[in-house]
Amino acid sequence: MNEQLFAHRIRQALDESAEQLPYRVTQRLARSRELALSRMPAATAALQTAGDAGRRHASATIVATVAGPGSPPSDERPSLWLRIAGGLVPVVVVAVGLYGIGAWKAMQEAEETAEVDAALLTDDVPLEAYVDKGFGVFIRNNRQ
Amino acid sequence: MASRQELSDFLESIERRAFKQAAYAVRDTEAALDIVQDAMLKLAEKYADKPIAELPPLFQRILQNVIHDHFRRQKVRSLWTTLLSAFRPGDDDDADRDPFDTLEVAGGDEAHESAAQIVERDQVLRLIDIEIQKLPARQREAFLMRYWTELDVAETAAAMGCSEGSVKTHCSRATKALAMALQAKGITL
C-alpha cells in the first residue's frame with residue numbers, strides 16, 4: 001500500500017466531508033472568526049486598517065497612535081478603554097478597601113481611648129493618684 | 001506580521017478542518033465549536049503579530065492544547081456529575097448523538113450523479129469519518145496534521161510535543177489501521 005497515495009485519497013474524502021457541514025456549524029464558525037478578528041490587539045489592527053485605507057490616512061493614524069490620548073481609531077477605543085478600566089478597577093477596589101480598614105481601626109482606637117479618658121475623669125479616685133508610684137504598688141498588692 | 005485580511009483568510013481556510021479535528025476528538029458538536037472559537041481567539045489575541053507562514057503550525061498547537069484543556073475540565077466536571085447524579089433524573093438524550101449524524105448535502109454537481117451514487121458516496125464519507133474517529137488519539141492527531149492540514153513532520157512534532165520519529169510511526173500506524181478498517185467494510189480507495 002502506498003501510504004502517500006492512500007493519505008491523499010483520505011484527504012480528498014475529508015475535504016469533501018468538510019464541505020458538507022451543516023449550515024448552523026458553518027455560521028457559528030464564521031461568527032467565531034469575526035469575534036477572533038475583533039480581538040486582534042488594537043495597535044496591530046490600527047496599523048493594518050491604516051494600511052488598507054491609504055497612505056495619508058495611514059500616516060495620520062500612526063502618528064496619532066504614537067502621539068498620545070484619543071488616538072486609536074474610534075471603533076477600537078471602547079475595547080482599549082474597557083481593558084484599561086478592567087485592569088484598574090481591582091486595584092482601586094483594593095486600595096479603597098485598605099484605606100477603609102485603616103480608617104476603621106483608627107476610629108476604634110480613638111473610641112477606646114475616649115472610653116478610658118471618660119472612666120478616669122468620672123472616677124472617684126483623683127487623677128493625681130494615677131501618677132503616684134505608691135498608689136500603683138497599693139493596687140497590685142490588693143489585687144492578689 | 002499577518003494583516004487582518006491575511007488572518008481572516010487563514011482562519012476561513014482552516015475553520016472547517018479545525019472543527020472536524022475537534023469533533024473527532026471530543027465527539028460533541030457544541031464542544032468542538034467552542035474549542036475552535038477558543039483556538040481562534042487565542043491565535044488572534046496573542047499571535048496576530050507573527051508572520052503568516054508561522055500561523056498554521058501555531059494554530060494547530062493551540063488547537064491541540066485547547067482540546068487537551070477540554071478533556072481536563074471534563075474530568076473534573078464528570079467527578080461532580082458522578083457525585084450528584086444520584087439526585088438528578090436521568091438525561092441521556094444526547095448521550096448517543098453523533099456529531100456527524102446531521103450532514104447537509106451541499107448543492108453543486110448532484111444533477112450529474114444518480115441518487116444511488118450520491119448516497120453511496122455519502123456513506124463512504126461517513127464511514128471514513130467513523131474510522132478516523134476510532135483511531136487512537138495520537139495516531140489521529142498525527143495523521144490529520146500531517147496529511148490534512150499539510151504540516152511537515154517537524155511542525156507536526158512541535159505541535160504534538162513529540163519526536164519526528166514518533167510522528168512518522170503514528171502516521172504509518174494510522175494509515176495501516178484506516179486501510180484495514182475500510183477494506184473490512186468493502187471500501188477501497
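First the proteins, then the strands, lettered A, B, ... as listed; each starts at 1. Computed from a predicted model, the values in this text were never measured in an experiment.
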- Message: Quick one, Y24(B) and I130(B) - any side-chain contact, counting heavy atoms below 4.5 Å?
- Response: no
- Against chain A, label D34(B) side chain, backbone, both or neither, depending on which of its atoms sit under 4.5 Å from a heavy atom there. both
- With respect to chain A, which residue among K46(B), K42(B), Q37(B) yields the maximal number of heavy-atom pairs within a distance under 4.5 Å? Q37(B)
- Item | Q4(A) versus chain B, the contacting section by heavy-atom distance below 4.5 Å | side chain
- Contacting moiety of L43(B), where chain A heavy atoms sit under 4.5 Å: neither
- Task: Give, as side chain, backbone, both or neither, the part of F143(B) having an atom under 4.5 angstrom from any heavy atom of chain A.
- Result: side chain
- Message: Is it the case that over 12 heavy atoms from other parts of the model lie below 6.0 angstrom from the CD atom of Q183(B)?
- Response: no
- Message: Determine whether a donor-acceptor pair (N or O, by modelled atom type, separation under 3.5 Å) exists between the side chain of R16(B) and the backbone of E12(B).
- Response: no
- salt_bridge(R138(B), E141(B)) N-O dist < 4.0 Å: yes
- Query: Salt bridge or not for E155(B) and R146(B), using N-O below 4.0 Å?
  - Reply: no
- Query: For L7(B), is it the side chain, the backbone, both, or neither that has a heavy atom closer than 4.5 Å to a heavy atom of chain A?
  - Reply: both
- Under a 4.5 Å heavy-atom cut-off, does chain A meet the side chain of E6(B), its backbone, both or neither? neither
- Y47(B) with L41(B), same ILVMFWY side-chain cluster at under 4.5 Å: no
